[in-house]
Asker: 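Here it is, the structure, as structure tokens.
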Amino acid sequence: MGILRVNLKERSYSIQIGAGNLKDLGEAIIPLQCSPRIFVVTNELVGGLYGDQVVESLSKTGFDPLIYQLPDGEKFKSLESAEKLYTAALKGGLDRRSGVVALGGGVIGDLAG
């Protein structure tokens with residue numbers, strides 16, 4: 001696995017890159033000291049392929065994942081979709097210490113971020 005550091009002064013972060021990382025996602029999140037409730041934002045395509053693996057990894061390390069799937073496509077990068085995410089997060093019991101996982105790229109990364 002490789003680690004890429006994105007240097008943005010006080011907003012810097014690391015990205016882990018490599019095959020098979022999803023099975024170790026829960027272990028990778030532990031040092032972040034999030035609350036047990038983790039919000040996983042994905043789309044129907046990626047969630048269908050990898051959602052179960054993410055839930056399993058998070059659950060086996062003591063996290064309580066809440067998965068929200070958006071439809072696939074650029075047209076869903078909208079305020080309406082963001083509102084749906086916020087509503088699901090509130091109803092799902094997330095708080096300011098909850099982690100957010102973007103399972104996908106593009107639209108999903110933008111909305112989860």
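By convention here, the first residue in the shown sequence is residue 1.
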Asker: Side chains of residues 71-82: which donor-acceptor pairs under 3.5 Å do they make with residues two or more places apart or in other chains?
Answerer:
unit_1	atom_1	unit_2	atom_2	d
Asp72	OD1	Asn43	ND2	3.0
Glu74	OE2	Lys77	NZ	3.2
Lys77	NZ	Asp110	OD2	2.9
Ser78	OG	Glu80	N	3.4
Ser78	OG	Ser81	N	3.1
Ser78	OG	Ser81	OG	3.3
Ser81	OG	Phe76	O	2.6

Asker: With a 4.5 Å limit on heavy-atom distance, are the side chains of Val40 and Leu58 in contact?
Answerer: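 Of all side-chain heavy-atom pairs linking Leu58 with Val40, at least one is under 4.5 Å.
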Asker: According to side chain to side chain donor-acceptor pair (under 3.5 Å), does anything in residues 47-71 pair up with another residue at least two apart or in another chain? List the pairs.
Answerer: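 For residues 47-71: Arg37-Asp64.
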Asker: Tell me, do Leu85 and Leu111 make a side-chain contact under 4.5 Å, heavy atoms counted?
Answerer: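 With C-beta onward as the side chain, the pair touches.
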Asker: Which heavy atom of Ala112 sits nearest a heavy atom of Ala102, and at what distance?
Answerer: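 Shortest heavy-atom contact: CB-CB, 3.6 Å.
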Asker: Is there any side chain to side chain donor-acceptor pair (under 3.5 Å) pair reaching into residues 97-107, and which pairs are they, with sequence neighbours excluded?
Answerer: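 Found Ser35-Ser98, Asp95-Ser98.
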Asker: Does anything in residues 7-20 pair up under salt bridge (charged side-chain N to carboxylate O under 4.0 Å, His left out), and if so which pairs, sequence neighbours excluded?
Answerer: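 Of all non-adjacent pairs touching residues 7-20, none passes salt bridge (charged side-chain N to carboxylate O under 4.0 Å, His left out).
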Asker: Using the rule that two of Ile, Leu, Val, Met, Phe, Trp, Tyr join whenever any of their side-chain heavy atoms come within less than 4.5 Å, decide whether Val41 and Leu66 are in one cluster.
Answerer: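 Yes, same cluster.
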Asker: Side-chain heavy atoms nearer than 4.5 Å, only ILVMFWY residues, links allowed to pass through others: does that put Ile38 and Leu32 together?
Answerer: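 Shared cluster, yes.
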Asker: Distance check, rounded to the nearest 0.5 Å: Thr42 atom OG1 versus Ile108 atom CD1?
Answerer: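 CD1 of Ile108 is found 5.5 Å from OG1 of Thr42.
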Asker: Could you list the residues that satisfy side-chain contact (heavy atoms from CB on, under 4.5 Å) with Arg96, not counting sequence neighbours?
Answerer: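 With sequence neighbours excluded, Arg96 shows a side-chain contact (heavy atoms from CB on, under 4.5 Å) to no residue whatsoever.
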Asker: Is there a path of hydrophobic side-chain contacts, each under 4.5 Å between heavy atoms, that joins Phe39 and Leu103?
Answerer: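 No; Leu103 is not reachable from Phe39 via cluster members.
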Asker: Mind checking whether Ile67 and Leu25 sit in one hydrophobic cluster, side chains of I, L, V, M, F, W, Y counted as touching below 4.5 Å?
Answerer: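 They do share one cluster, since a chain of ILVMFWY contacts under 4.5 Å joins Ile67 to Leu25.
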Asker: Under 4.5 Å between side-chain heavy atoms, hopping through other hydrophobics if needed: is there a path connecting Ile17 to Leu8?
Answerer: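 The answer is yes; both residues are in one hydrophobic cluster.
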Asker: Do Val101 and Ile29 have side chains that get closer than 4.5 Å, going by heavy atoms?
Answerer: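 A side-chain contact exists here, since the closest heavy-atom pair is under 4.5 Å.
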Asker: Distance from Leu70 atom CG to Leu45 atom CG, nearest 0.5 Å?
Answerer: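 If we round to the nearest 0.5 Å, Leu70:CG and Leu45:CG are 13.0 Å apart.
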